[in-house]
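Along the sequence shown, the residues carry numbers beginning at 1. We use all heavy atoms of the structure for the numbers below, so side chains are in, but hydrogens, waters and symmetry mates are not.
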Amino acid sequence: MKTSPIGIFDSGIGGLSVVEKIIEILPEEDIIYFGDTARVPYGTKSKKLIEKFATDDVNFLLKFNPKVIIIACHTASSLAGNTLRKKFPSIHIIDVVSSSIRKAVELSKKKRVGVIGTYATISSGKYEELLKKQRISVFSTPCPLFVPLVEEGFFTERATYLIAEHYLDELKKKEIDTLILGCTHYPYLKKVIQEVIGENVKIVDPSSQVAHQLKEYLEMKKK
Ligand code: DGL
């Protein structure tokens with residue numbers, strides 16, 4: 001490796017949706033990606049276990065001497081973000097939740113935003129807390145089967161449509177104009193989610209935001 005890499009982790013392949021954007025925006029950077037596929041999903045686990053897994057993930061990445069760590073996982077960002085920042089104060093950590101909030105606030109005209117994510121992310125209440133501070137009405141629902149569907153490569157199968165219709169049925173009645181994909185696995189199901197929720201709902205996938213935030217940080221560090 002030419003320089004210190006960017007360290008990125010997720011519970012599985014979901015975080016690769018963030019890696020793709022980073023490669024697009026910062027093609028010269030080296031990346032170390034860790035997908036904890038042996039222990040996926042994180043979204044059904046307790047806060048304590050998620051904190052432990054996320055700590056293990058960072059410790060693994062630190063062996064490669066990264067210049068920054070990206071938590072490319074909404075579950076780990078929501079439940080372990082604060083703990084990781086306390087445990088590893090010397091490394092800059094970027095998470096996916098704050099980027100999603102910023103983008104949703106910018107896009108939503110009606111101030112009615114939907115959030116879908118894992119059980120752990122939704123029940124952490126993190127999104128509700130942060131969006132309500134911005135005077136936005138939040139409607140959230142967990143979509144746990146989306147993660148195994150993505151891990152199995154079921155991006156546009158009939159079963160995926162049926163499951164998406166089941167999960168999004170209630171949200172469709174809430175007159176939201178923006179929907180946050182609060183799990184990095186979900187961008188792989190974007191086509192299905194967009195069709196089911198309706199073309200008039202704007203979808204927030206924070207990966208580009210995260211890549212831009214990383215770029216800004218690296219530029220600032222150079223100065
Ligand atoms: N991709 C992750 C997220 O963004 C985790 C999904 C899971 O392991 O349950 O939440």
* To do: Would you mind checking if Arg39 and Asp56 are paired as a salt bridge, meaning a charged N to carboxylate O distance below 4.0 Å?
  => yes
* Can Glu219 and Lys222 be counted as an ion pair, charged N to O under 4.0 angstrom? -> no
* To do: Tell me, with the steps shown, if Phe88 and Ile69 meet side-chain contact (heavy atoms from CB on, under 4.5 Å).
  => CA-CA 10 Å; Phe88 304 100; Ile69 297 269; over 6 Å; no
* To do: Start with the C-alpha distance between Ile93 and Ile71, add both sets of side-chain angles, then the distance that settles side-chain contact (heavy atoms from CB on, under 4.5 Å), and finish with yes or no.
  => CA-CA 7 Å; Ile93 297 179; Ile71 314 174; 3.6 Å; yes
* Taking only Lys NZ, Arg NE, NH1 and NH2, and the carboxylate oxygens of Asp or Glu, determine whether Asp205 and Lys21 approach each other closer than 4.0 Å. => no
* Same apolar cluster (I L V M F W Y, side chains within < 4.5 Å links), Val210/Tyr217 -> yes
* To do: Check whether the side chains of Thr121 and Thr118 place a donor and an acceptor atom closer than 3.5 Å, and report yes or no.
  => yes
* Charged N to carboxylate O under 4.0 angstrom, Glu29 versus Lys67? -> yes
* Excluding sequence neighbours, so at least two apart, what forms salt bridge (Lys or Arg N to Asp or Glu O under 4.0 Å) with Lys202? -> none
* Asked: With side chains defined as the heavy atoms from C-beta onward, is the minimum distance between Val115 and Leu131 less than 4.5 Å?
  -> yes
* Just one of Val113, Val204, Ile136 clears the side chain to side chain contact (heavy atoms under 4.5 Å, CB included) bar with Val105, so which one? -> Ile136
* To do: Give a yes or no on whether the ring-centroid distance for Tyr42 and Phe53 is below 6.0 angstrom.
  => yes
* Any ion pair linking Glu195 and Lys191 (charged N to carboxylate O, less than 4.0 Å)? -> yes
* To do: Give a yes or no on whether a salt bridge exists between Glu129 and Lys132, defined as a side-chain N under 4.0 angstrom from a carboxylate O.
  => no
* Beyond-backbone contact of Ile23 with Val19, side-chain heavy atoms, under 4.5 angstrom -> yes
* Restricting to pairs with a member in residues 135-153, which pass side-chain hydrogen bond (donor to acceptor under 3.5 Å, both in side chains), not counting sequence neighbours? -> Glu128-Ser140, Glu151-His185
* To do: Assess whether side chain to side chain donor-acceptor pair (under 3.5 Å) is satisfied between Ser207 and Glu20, documenting all intermediate values.
  => CA-CA 8 Å; Ser207 34; Glu20 277 173 33; over 6 Å; no
* Asked: Is the shortest heavy-atom distance from the side chain of Thr75 to the side chain of Ser78 under 4.5 Å?
  -> no
* Test item: side-chain donor near acceptor, Ser100 and Tyr127, under 3.5 Å -> yes
* Under 6.0 Å between the ring centres of Phe146 and Tyr167? -> yes
* To do: For the pair Cys183 and Val147, evaluate side-chain contact (heavy atoms from CB on, under 4.5 Å) and give the outcome as yes or no after the intermediate values.
  => CA-CA 8 Å; Cys183 172; Val147 171; 3.9 Å; yes
* May I ask you to test the His166-Leu145 pair for a side-chain heavy-atom distance under 4.5 Å? => no
* Structure fact -> Looking only at heavy atoms, the pair that brings Ala76 and Ala54 closest together is CB-CB, 4.3 Å
* ILVMFWY network linking Val18 to Leu181, side-chain heavy atoms under 4.5 angstrom -> yes
* Structure fact -> Sorted by chain and number, sequence neighbours left out, salt bridge (Lys or Arg N to Asp or Glu O under 4.0 Å) with Lys63 holds for none
* Can you check side-chain contact (heavy atoms from CB on, under 4.5 Å) on Leu189 and Thr156, steps first, answer last? -> CA-CA 7 Å; Leu189 305 181; Thr156 53; over 6 Å; no
* Asked: Between Ser11 and Asp36, does any side-chain donor sit less than 3.5 Å from a side-chain acceptor?
  -> no
